[in-house]
Amino acid sequence: MVDVHSFVLAGFVSQATFAMTLALLAWSDRRTRGTRWLAAACLLQLVASAAHVILPADRGISESAGSCGLVLVFFLVYMGMRWFVIRRRVASQLGPLAVSLSMLLILVLGSVHPGAALIAARLISVVVLGFTVAMLLRPKVRALRAPARGLAAMLMVLMSVFLLRVAVSLQPSNQRNAGVETLGHHATMVCVTLLGFSFVGMFVAEAKRRLHEETRLDSLTGLRNRRAFEEIAQQEILLAGREGSPLTLLMMDLDFFKKLNDTWGHALGDRALRAFGGVLLTATGSGDAVARLGGEEFAMLLPGRSARSALGVAERLRATVEGLRLSEGDELVRFTVSIGISSMRPGETSIDAMFRRADQALYQAKRDGRNRVTLAEAISGPAPARVVPELQPVVVASGSGTATAAWQELAG
């Protein structure tokens, strides 16, 4: 037979272990804000358990305070899980207000009828856990679906245990089954311990997801890298083939980027890349994909758009970049972009052919003078005669005595 005191001690040690573990994780990784809420919940539960054993007080006061702590613990769990699965701040103060009123109700019931505070706290906790379960069953982050659903199942078990203990508490004292009460208490401790495992599991799943995302992002611009873009592009071309919808690819290259680096330094070149990445992000919709393929080369995938429709997007991008100015000392530096466009053709199941055509269109745009947009389908036709010469900055004196940048076109 298991010694009750040993069981309680093991439960207390497990609570302390998970509380310290989550506190250390929250302190070491400030980006995962949900862990802070979960660490606070575990620490509060640990303090409540220690206070119940070390500081025995008036039964009514102790029970009311412990009941309020129980509700607050599960509200902290709700807030932590909300960060993991929704990633959005609470827009309304209705939830905190409801919890505050619930704790006030518990204190009033505890002063009127002994035992009523704990029953009310367990029922309120079941309601809070119900909202948490409903949230966990529809997470916004795909990588967290499995651990979120596992945690939801664990919370539903805990809800069942609480309801069982409420049913036992509502029975007359002379009809209560001591064995069932003990079983309910032990089941609660086991569930709390398993919840600690689940909280750590959520942190690990989030860390793995973030690491996976970081390996798919370009560190300079924050856009996807080539590997991630090619994976998305391959998925999109298969989807477009099944649905018969258009799919268009834009290949983009900053003009004279090497000369930009050689003239003004790599720091300004990096600023130009980041600025262009920001322009691309503002031009994309929710279903579009944009990436830095390497160096000064970028790509954008536009599902549901034909080449002619994408031409307007590309022209707006080109004009926006042409109007950008980067300050470097007393000079204003500008740069331009060339864009090649290609669309998926019937029967294509790989993105490789689209890449080749868009790349050919891009180099045709550069041969035709840069700072222009070229359709792959129009390469065989007559090329526009307009040639945009390379632009150079010239410092001139202004009326106020300060230097400003003017631009002079130098014919090749």
Side-chain angles (χ1 to χ4, degrees), residues 18 22 25-26 29-42 45 70-102 122-163 188 191-214 216-217 224 228 231-232 235-236 238-239 242-243 281 284-289 303-304:
F18 287 118
L22 288 168
L25 291 174
D29 186 0
R30 306 295 177 86
R31 292 180 295 176
T32 311
R33 293 191 297 273
T35 312
R36 302 179 196 176
W37 293 100
L38 300 181
C42 290
Q45 178 62 31
L70 181 66
V71 173
L72 185 57
V73 163
F74 289 112
F75 178 71
L76 293 174
V77 171
Y78 169 83
M79 293 299 295
M81 290 299 106
R82 180 183 176 86
W83 184 91
F84 278 103
V85 302
I86 295 183
R87 307 296 174 92
R88 190 173 63 245
R89 291 184 178 182
V90 177
S92 171
Q93 296 300 317
L94 183 61
L97 178 62
V99 171
S100 301
L101 292 176
S102 299
R122 287 171 179 164
L123 289 174
I124 294 170
S125 297
V126 168
V127 174
V128 175
L129 290 174
F131 280 106
T132 308
V133 168
M135 180 177 60
L136 288 169
L137 291 177
R138 50 178 193 276
K140 303 294 183 182
V141 183
R142 181 178 301 178
L144 298 181
R145 285 180 181 176
R149 289 171 180 171
L151 182 56
M154 181 58 58
L155 292 180
M156 285 190 283
V157 172
L158 184 58
M159 291 167 64
S160 302
V161 172
F162 276 172
L163 290 174
T188 302
C191 288
V192 169
T193 301
L194 293 177
L195 280 179
F197 279 109
S198 301
F199 294 161
V200 175
M202 286 292 287
F203 176 87
V204 172
E206 167 63 18
K208 290 175 61 178
R209 182 205 66 80
R210 194 167 60 215
L211 179 62
H212 177 70
E213 288 296 321
E214 288 175 351
R216 296 161 61 86
L217 293 178
R224 293 183 175 90
E231 291 176 1
I232 294 174
Q235 295 171 3
E236 289 293 344
L238 294 176
L239 180 62
R242 286 196 302 267
E243 297 181 351
L281 287 176
T284 54
S286 58
D288 303 334

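Numbering of residues begins at 1 and proceeds along the displayed sequence.
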Partner set under side chain to side chain contact (heavy atoms under 4.5 Å, CB included) for Gln235, not counting sequence neighbours:
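Result, side chain to side chain contact (heavy atoms under 4.5 Å, CB included) vs Gln235: none returned.
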Rounded to the nearest 0.5 Å, what's the gap from [atom1] on [X] to [atom2] on [Y]? Could you check?
{"X": "Phe199", "Y": "Phe84", "atom1": "CZ", "atom2": "CZ", "answer": "9.5 Å"}
{"X": "Leu194", "Y": "Phe197", "atom1": "CG", "atom2": "CZ", "answer": "7.0 Å"}
{"X": "Met79", "Y": "Arg33", "atom1": "CE", "atom2": "CZ", "answer": "11.0 Å"}
{"X": "Phe75", "Y": "Ser100", "atom1": "CZ", "atom2": "OG", "answer": "8.0 Å"}
{"X": "Leu211", "Y": "Lys208", "atom1": "CG", "atom2": "NZ", "answer": "10.0 Å"}
{"X": "Thr32", "Y": "Leu22", "atom1": "OG1", "atom2": "CG", "answer": "11.5 Å"}

Using side-chain hydrogen bond (donor to acceptor under 3.5 Å, both in side chains) as the criterion, list what pairs up with [X], not counting sequence neighbours.
{"X": "Gln93", "value": "none"}
{"X": "Arg87", "value": "Glu206"}
{"X": "Ser102", "value": "none"}

Are any non-hydrogen side-chain atoms of [X] and [Y] less than 4.5 angstrom apart?
{"X": "Arg122", "Y": "Thr188", "result": "no"}
{"X": "His212", "Y": "Arg209", "result": "no"}
{"X": "Glu236", "Y": "Leu239", "result": "yes"}
{"X": "Val99", "Y": "Tyr78", "result": "no"}
{"X": "Phe74", "Y": "Thr132", "result": "no"}
{"X": "Leu38", "Y": "Met81", "result": "yes"}

Side-chain donor-acceptor contacts of residues 133-148 below 3.5 Å, not counting sequence neighbours, with atom names and distances?
| from | atom 1 | to | atom 2 | distance (Å) |
| --- | --- | --- | --- | --- |
| Arg138 | NH1 | Ala134 | O | 3.0 |

Heavy atoms only: give me the nearest [X]-[Y] pair and the separation to one decimal.
{"X": "Phe162", "Y": "Ser125", "value": "CE1-CB, 4.0 Å"}
{"X": "Arg224", "Y": "Ala228", "value": "CB-CB, 4.1 Å"}
{"X": "Asp288", "Y": "Pro303", "value": "OD1-CD, 3.6 Å"}

Per the side chain to side chain contact (heavy atoms under 4.5 Å, CB included) rule, which among Leu129, Val128, Val127 passes with Met159?
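Exactly one option meets the side chain to side chain contact (heavy atoms under 4.5 Å, CB included) with Met159, and it is Leu129.
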What pairs of donor and acceptor atoms, side-chain ones from residues 150-158 against any protein atom, are under 3.5 angstrom apart with sequence neighbours left out?
none

Do other residues, nucleotides or ligands put more than 12 heavy atoms under 6.0 Å from Trp83 CH2?
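Count over threshold, so yes.
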